[in-house]
Number of protein chains: 2
Amino acid sequence: MMNTTYSSPIVTVDSVVFQLVQQKLAVLLIARTNQPFAGIHALPGGYVSAGETTLTAMTRIVAAKAGIELADCGVVEQLYTFDTVARDPRGHAVSVTYMALGRNIMPQLRSDTHYPQFFPIDALPEIAFDHAQIIQYAHERLKSKISYTNAIYALLPELFTLSQLQTAYEAVVSHPLDKRNFRKKILGLEIIHETDQTFRDGAHRPARLYRFNTQVVTNISSF
Amino acid sequence: MMNTTYSSPIVTVDSVVFQLVQQKLAVLLIARTNQPFAGIHALPGGYVSAGETTLTAMTRIVAAKAGIELADCGVVEQLYTFDTVARDPRGHAVSVTYMALGRNIMPQLRSDTHYPQFFPIDALPEIAFDHAQIIQYAHERLKSKISYTNAIYALLPELFTLSQLQTAYEAVVSHPLDKRNFRKKILGLEIIHETDQTFRDGAHRPARLYRFNTQVVTNISSF
DNA sequence: GCAAAAGTGTTAACTATACACCCATGG
DNA sequence: CCATGGGTGTATAGTTAACACTTTTGC
């Protein structure tokens with residue numbers, strides 16, 4: 001064993017990039033240009049080469065295929081590694097998946113035209129490979145993550161109203177929350193603080209703007 | 001991009017196998033026979049070859065290096081995938097890690113003598129590579145897992161007393177639990193049921209034996 | 001009868017939930 | 001003055017946490 005003529009599986013990465021689009025959770029998909037699944041939407045992904053880390057590869061691939069800089073995403077987290085048998089024409093592939101959270105991301109059409117777009121998670125098109133399951137897995141992870149960390153900051157602008165924050169939570173957990181209970185709880189967690197600024201938007205009372213205490217993922221357990 | 005002369009990283013697996021030894025959580029380590037870290041203890045791990053899944057590779061490797069059949073472990077779960085740079089003499093390696101839970105596992109000395117042994121997690125020897133961090137990560141995952149699933153069944157015999165169950169929980173979370181609260185809670189979860197058998201062991205009242213409702217990992221959330 | 005582990009309830013603190021009205025603004 | 005979203009408190013139910021004595025057995 002362990003001889004140097006050993007033949008390894010192909011290593012790939014696939015990325016689930018989330019952002020809020022019109023107050024709904026949306027995921028980045030590209031239209032595939034090659035077989036299999038040509039024309040069908042898929043997560044941006046590609047091959048990892050020897051000498052680059054999976055995270056570096058992901059950054060490179062998402063920039064190349066969707067014109068998105070992962071550095072602009074406030075949270076990047078590894079999800080799971082799938083043994084996707086019979087997916088790659090060259091044989092067995094191991095796919096490392098990541099989740100990224102961003103805001104105000106504008107996908108750019110690249111020269112090789114992969115048609116990157118954000119789709120609301122409750123209105124996804126047909127999805128190639130097992131990527132629908134990966135998206136679902138990422139969504140579950142995100143739901144869970146925002147319940148014990150401040151990670152939702154990465155989906156919001158630096159300054160935000162409590163209503164925007166509540167809407168973001170609701171977009172992720174996909175059910176409505178009680179306004180008074182939500183505010184009581186979030187303020188009690190001491191992960192945000194109010195600023196002296198307000199936000200005016202239409203014919204109603206202006207909203208106080210808040211800011212996260214930190215833009216680093218932090219646990220908010222009861223201990 | 002995506003040309004067929006692409007060179008992939010090496011893929012490896014590393015396994016964190018837990019069991020209870022004398023009522024303490026213990027992890028399987030082997031003594032390395034080669035450089036680097038010759039003579040130092042490490043997690044059982046090795047190369048994944050094209051055509052086998054990481055789980056198959058892990059099963060093969062743990063059997064080869066420690067004489068342990070993963071099929072005997074009640075829970076096997078993927079943990080995380082590490083980009084271990086500069087670890088493999090042939091270059092960049094991607095290491096997929098798994099956690100397994102078992103009971104009554106006896107490691108076997110194999111022909112190529114890797115000296116497999118279980119060490120209590122609070123008395124580990126010097127550990128090679130970044131494996132100490134992997135063990136800590138696995139321990140955190142296990143702590144968390146037993147709080148929202150019945151996964152601890154995999155560390156216990158089929159029939160067990162409530163005191164044994166409590167001791168198992170305590171071994172994992174590494175702090176003592178209140179006996180009355182523990183029993184109230186565990187019985188309220190309805191994941192175990194009492195049998196008509198008891199266990200006699202020394203000069204005291206015999207203990208009722210219980211059994212898990214299922215030997216499959218199941219969530220026990222409040223919903 | 002004594003040592004040793006098994007077994008058993010109550011109270012207080014905290015957390016989660018349900019629920020409805022007034023406020024400040026723009027038009 | 002009215003439509004719109006911003007902002008606020010209280011009462012109840014449920015959950016968690018602290019805590020000590022009696023029971024059954026072997027020797």
Side-chain angles (χ1 to χ4, degrees), chain A residues 20 22-24 143-144 146-150 156-157 159-211 219-223, chain B residues 20 22-24 143-144 146-149 156-157 159-171 173-211 219-223:
Chain A
L20 295 176
Q22 287 160 355
Q23 311 188 323
K24 299 181 90 165
K143 280 189 211 180
S144 147
I146 61 165
S147 75
Y148 67 89
T149 73
N150 62 351
L156 288 164
L159 294 176
F160 53 88
T161 68
L162 291 180
S163 292
Q164 287 176 309
L165 181 57
Q166 182 175 342
T167 302
Y169 269 99
E170 288 172 336
V172 173
V173 303
S174 32
H175 62 80
L177 301 171
D178 178 88
K179 181 158 66 158
R180 280 175 291 187
N181 291 340
F182 176 78
R183 290 172 181 227
K184 210 186 319 171
K185 181 159 186 188
I186 208 82
L187 293 171
L189 291 175
E190 307 202 326
I191 57 171
I192 62 172
H193 58 272
E194 66 174 38
T195 67
D196 53 5
Q197 298 170 68
T198 56
F199 178 63
R200 285 183 168 69
D201 167 43
H204 55 83
R205 180 172 175 177
R208 173 123 270 140
L209 286 166
Y210 288 78
R211 195 194 298 267
N219 278 32
I220 53 178
S221 87
S222 333
F223 281 88
Chain B
L20 296 177
Q22 287 161 355
Q23 310 188 325
K24 301 183 91 165
K143 278 188 209 181
S144 148
I146 61 165
S147 75
Y148 66 91
T149 73
L156 288 164
L159 294 177
F160 53 88
T161 68
L162 291 180
S163 293
Q164 286 176 309
L165 180 57
Q166 181 175 345
T167 302
Y169 269 100
E170 288 172 337
V173 302
S174 30
H175 61 81
L177 301 171
D178 178 88
K179 180 158 66 159
R180 279 173 293 184
N181 292 340
F182 177 79
R183 289 171 182 227
K184 211 186 319 170
K185 182 160 189 188
I186 208 81
L187 293 172
L189 292 174
E190 308 202 326
I191 57 172
I192 62 171
H193 57 272
E194 67 174 37
T195 66
D196 54 5
Q197 297 170 67
T198 55
F199 177 64
R200 285 183 168 68
D201 167 45
H204 57 81
R205 182 170 172 175
R208 173 122 270 139
L209 285 167
Y210 289 78
R211 194 194 300 265
N219 277 33
I220 53 178
S221 87
S222 332
F223 283 89

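Numbers restart at 1 for each chain; the letters A, B, ... are given by sequence-line order, proteins then strands.
In this model, the phosphate group of D:dG6 is approached by a side-chain N or O of A:Ser163 to a distance below 4.0 Å at OP1 or OP2.
The distance from atom CZ of B:Phe199 to atom C1' of D:dT25 is 14 Å, rounded to the nearest whole Å. Counting to the nearest Å, the P atom of D:dG6 and the CZ atom of A:Phe160 are 14 Å from each other. One interatomic measurement links the two molecules: CZ of B:Arg205 to C1' of D:dT24, which rounds to 5 Å at whole-angstrom precision. Put simply, CZ on B:Arg208 is 18 Å from P on D:dT23, counting in whole angstrom units. Spacing between atom NE2 of B:His204 and atom P of C:dA5 amounts to 6 Å, rounded to whole angstrom units. Rounded to whole Å, the distance from CG on B:Leu165 to P on C:dG7 is 12 Å.
Shortest non-hydrogen contact noted between B:Lys179 and B:Gln166 is CA-OE1, 3.6 Å. In plain terms, the two heavy atoms of B:Phe160 and B:Arg211 that are nearest each other are CE2-CA, 3.8 Å. The shortest non-hydrogen separation linking A:Ile220 to A:Asn150 is CG2-N, 4.4 Å.
Residues A:Asp201 and B:Arg200 both approach DNA chain D. Their nearest nucleotides, taken by heavy-atom distance, put A:Asp201 toward the 5′ side. Comparing A:Pro206 and B:Thr161 by the nucleotide of DNA chain C that holds the closest heavy atom to each, the one mapping nearer the 5' end is B:Thr161.
Note that the OG1 atom of A:Thr167 and the CD atom of A:Gln22 stand 13.5 Å from one another [nearest 0.5 Å].
Enclosure of atom NZ in B:Lys143 by more than 12 non-hydrogen atoms of other residues, nucleotides or ligands within 6.0 angstrom is indicated. For A:Gln23, the CD atom is loosely surrounded, since the number of other residues' heavy atoms within 6.0 Å does not exceed 12.
Residues of residues 174-187 of chain B having a heavy atom closer than 4.0 Å to DNA chain D, listed by number: B:Asp178, B:Arg180, B:Asn181, B:Lys184.
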